[in-house]
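Quick notes on the structure that follows.
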Amino acid sequence: MKINIITLLKDALKGEDRDFTTGSIKKALFLLAIPMILEMVMESLFAIVDIFFVSRISTHAVATIGITESILMIIESIAIGIAISGTALISRRIGEKNIEQARKVVFNVIAVGVVFSVVIGAFCFIYAADILLWMGSDPDLVEEGKGYTSIILGFNFFLVMLFVINGIFRGAGNAAIAMKSLWLANGINIVLDPLLIFGLGPVPGLGLEGAAIATCIGRGSGVVYQLYHLLDGKSVISITRKNLVLSYNIIRRLISLSAGGAGQFLVSTASWIFLIRIINYFGSEAVAGYTIAIRIIIFSILPSWGLSNAVATLTGQNLGAGRPDRAENTVWIAGKYNMIFLILLGIIFIIFANHFIGVFTDAPDVLGYGTNALRILCTGYIFYAYQMVIGQAFNGAGDTRTPVLLNIIALWLVQIPMAYFLSITLALGPNGVYASIAFSSFILAGLGVYVFKMGKWKKKVV
C-alpha cells in the first residue's frame, strides 16, 4: 500500500495534462486534489506568515490588511469567475477530445482577465485612501494603510492572472503546474516579506508598504512561470500563433459563465464587506482578531478546497465525455471525505482556539475576539463540507448561476440580517456575527444538496 501511495503522489506532482473520464474515481480525486491542496497550502502559508510579520508593525496594520482584503475579494470574485468559466469550458472540451477548441478558449480567457485587471487596478490605485474611508476606517488607519492598499489593489493584475491561468491548467487536468506557480509566487513572497517590511543591511525597511511590494513581486514571478508553460509547446493547451485570435462566441460564453461564477463570489464578498463593517463598529481590535481567525481557518481548510476544485474538473470532463452518473458519484464520494476531515479539524480548533490565536498576538482584546471567532465559526464546518463540494460541482458543470441564487438566499437574506440583529440589536457584539456565519453554512449546504439532487446540472450545455 505504501508503494501505491508513493507512486500516486509522484504521478500527482508530475505536471501532466490528464483525461479523468475513465478509471477509479478515488484515484482521480487523489491525483487532482493533491497538487491543488499543496497549491493552497503555500497560498495560505503565505497568508499566515504575512499576518505574523505585519502584526509586529501595529494593530492598525493588521486591520488594514483585513479591510483591504474585503475589497480585494471583490476583484478576486471576478477573477475566480473568469477562472471558473475557463475551467468549465476547457474541461468540457478536453472531455470531448476537442483540443484545438480548448486552445482557442485559453487565449480568450487570458484576454478577458487582462482587460478587467488593468481597468480596475487604475481606479483602485488612485482612490485607495477613499476606499479605506468608505469602509469606516479612522483617519489614523487611513494614513498608515493607504500606501499598502494602493499597491495591493492597484497591481491586482498579478493576482488576477494567477487565478485565471491556474483555472486554465486545472481545466486541462494539469493541477501540478497551477500548484508550482503558486509555490514559486508565495515562496518568493515569504522570503521578501520580512526583508522589505523590516529591512536588512542596505535594504531599507518599508513597513506595511514593504509587505505589499513583496506580494506583487512574488505573484509576478508566478505569472511568468505560468506563461512559460503556456508558450513552451509541451502542454495540450499550449498557445500558438494560430490561437491568438479573439473569438466573439467564446468571449460571449466566457462572460456569461463568468457572470455566474463571479456573481456567487460577489454575493459572498458583499456579505463579507457588510460583516467587516459590522465588526469594525466594535473597533480595530475586533477586526484584527477576526482577521487572524479567518487566516487560520483559510489555511486549515486547504485540503477541503483542493478536493472541491478537483470535483469541478472531474465534473466538467465527465459531462463532456457523456458520463453524468460518474460525475455525480464523484461529488458524493468527495463530500463524505470532506465532512470527516472538517469535523475532526473543528474539534481541534474548538479545544485549542486560544493557543492558535496566541501565536499571532498577545494583545488581550485581539486574543479574545480571535478565540471566540475561531470557536464559533468551526461549528459550521460539518455543513461547510458539502457546501464547498457541491458548489464546485455546479461550477464544473457550467451551471454557475445556481450557486448565485443559493448564496443570495443564505448570505443576503439570512447571514447579513442575522449578523446585525444578533451583534447590535441583541448586543452580542462580534459573537453575533460569527454565529450568523456558522448558521448560514447550514442553510447553504441544505439548499445545495436539495438542488443538486434535482439533477438539472447534468443537462447544462457550455
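This is a predicted model, so every value here is computed, not measured. Sequence positions, counted from 1, serve as the residue numbers for this chain.
Here the side chain of S441 pairs no donor or acceptor atom with the backbone of F383 at under 3.5 angstrom. Although no hydrogens or angles enter the test, the distance criterion places a donor-acceptor pair under 3.5 Å between the side chain of N108 and the main chain of S247. Distance alone, capped at 3.5 Å, is enough to place a donor-acceptor pair between the S300 side chain and the I297 backbone. Using a distance-only test at 3.5 Å, with no hydrogens or angles considered, no donor-acceptor pair links the side chain of W305 to the main chain of I37. Between the side chain of R326 and the backbone N or O of L314, no donor-acceptor pair lies under 3.5 Å. In terms of modelled atom types and a separation under 3.5 Å, the side chain of N280 and the main chain of I276 share no donor-acceptor contact. N156 places a side-chain N or O within 3.5 Å of a backbone atom of L153 that can act as its donor or acceptor partner. The main-chain N or O of D399 is never found under 3.5 Å from a side-chain atom of T402 such that the two would form a donor-acceptor pair. Between the side chain of S221 and the backbone N or O of I217 there is at least one donor-acceptor pair closer than 3.5 Å. Using modelled atom types, no side-chain atom of T68 and backbone atom of I65 make a donor-acceptor pair closer than 3.5 Å.
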Practice problem: Go through K460 and L319 one step at a time and tell me if the side chain to side chain contact (heavy atoms under 4.5 Å, CB included) criterion holds. | Solution: CA-CA 9 Å; K460 183 69 177 179; L319 288 180; 5.8 Å; no
Quiz item: How far apart are the C-alpha atoms of I343 and Y381, what are their side-chain angles, what is the distance that settles it, and do they pass the side chain to side chain contact (heavy atoms under 4.5 Å, CB included) test?
Solution: CA-CA 6 Å; I343 288 176; Y381 266 15; over 6 Å; no
Quiz item: Are M418 and V433 close enough, and set up right, to give a side chain to side chain contact (heavy atoms under 4.5 Å, CB included), and what steps lead you there?
Solution: CA-CA 8 Å; M418 184 178 180; V433 177; over 6 Å; no
Quiz item: Is there a side chain to side chain donor-acceptor pair (under 3.5 Å) between S271 and Q415 once you walk through the steps?
Solution: CA-CA 8 Å; S271 174; Q415 186 185 88; 2.2 Å; yes
Quiz prompt | Test side chain to side chain donor-acceptor pair (under 3.5 Å) applied to N166 and S181, step by step | solution = CA-CA 8 Å; N166 275 352; S181 66; 3.1 Å; yes
Practice problem: Verify side chain to side chain donor-acceptor pair (under 3.5 Å) between T313 and S91, making sure each step is shown before the conclusion. | Solution: CA-CA 6 Å; T313 297; S91 64; over 6 Å; no
Exercise. Please step through side chain to side chain contact (heavy atoms under 4.5 Å, CB included) for the pair Y225 and K180, ending with a clear verdict.
Key: CA-CA 9 Å; Y225 178 82; K180 292 172 183 177; 3.4 Å; yes
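Here the CD1-CG distance, from I382 to L345, works out to 13.5 Å after rounding to the nearest 0.5 Å. Atom CD1 of I340 is separated from atom OH of Y337 by 8.0 Å, given to the nearest 0.5 angstrom. With rounding to the nearest 0.5 Å, the separation of CG in L162 from CG in L184 is 9.5 Å. R323 CZ to E328 CD: the interatomic distance, rounded to the nearest 0.5 Å, is 13.5 Å. Of the inter-residue distances, the one linking I333 atom CD1 with L29 atom CG reads 6.5 Å to the nearest 0.5 angstrom. The distance from the CD1 atom of I390 to the CG atom of L444 is 9.5 Å, given to the nearest 0.5 Å.
For V114 against M161, the heavy-atom pair with the smallest separation is N-CE, 3.5 Å. V287 approaches I279 most closely through the heavy-atom pair N-CG2, 3.8 Å. Between V105 and L89, the shortest heavy-atom distance links the atoms CG1-CB, 4.0 Å. Of all heavy-atom pairs spanning A211 and T215, the tightest one is O-OG1, 3.0 Å. Minimum interatomic distance between M388 and S308 (heavy atoms only, all atoms of both residues): CB-OG, 3.4 Å. Across A397 and R92, no two heavy atoms sit closer than the pair O-NH2, 2.8 Å.
Residues L246 and I251 have side chains in contact (heavy-atom distance under 4.5 Å, counting atoms from C-beta outward). Between W457 and T315 the shortest side-chain heavy-atom distance falls below 4.5 Å. Taking 4.5 Å as the limit, every side-chain heavy atom of I416 sits out of range of all side-chain heavy atoms of L411. Counting heavy atoms from C-beta on, the side chains of I424 and F282 come closer than 4.5 Å. For the pair N395 and P403, the minimum side-chain heavy-atom distance is below 4.5 Å. Here the side chains of K104 and V245 are not in contact, with every heavy-atom distance at 4.5 Å or above. Using a 4.5 Å heavy-atom threshold, the side chains of I296 and F360 count as touching. No side-chain heavy atom of R170 sits under 4.5 Å from any side-chain heavy atom of I90.
Ring centroid separation for the pair W332 and F452 comes in under the 6.0 Å cut-off. Taking the six-membered ring where the residue is Trp, the centroids of Y290 and W272 are separated by under 6.0 Å.
N338 is linked by a side-chain hydrogen bond (donor to acceptor under 3.5 Å, both in side chains) to S304, counting only residues two or more places apart in sequence or in another chain.
A 6.0 Å sphere centred on OH of Y281 holds no more than 12 heavy atoms belonging to other residues, nucleotides or ligands. Shown here is Y420, whose OH atom has no more than 12 heavy atoms of other residues, nucleotides or ligands within 6.0 Å. Enclosure of atom CZ in R253 by more than 12 non-hydrogen atoms of other residues, nucleotides or ligands within 6.0 angstrom is indicated. With a 6.0 Å radius and a threshold of 12 heavy atoms from other residues, nucleotides or ligands, F274 has its CZ atom at or below the threshold.
The aromatic rings of H229 and F169 sit perpendicular, their planes meeting at an angle over 60°, well past the 30° parallel limit. Ring planes of F155 and F158: parallel class, angle under 30° (limits at 30 and 60°). Aromatic ring orientation, F439 versus F442: tilted (interplanar angle from 30° to 60°).
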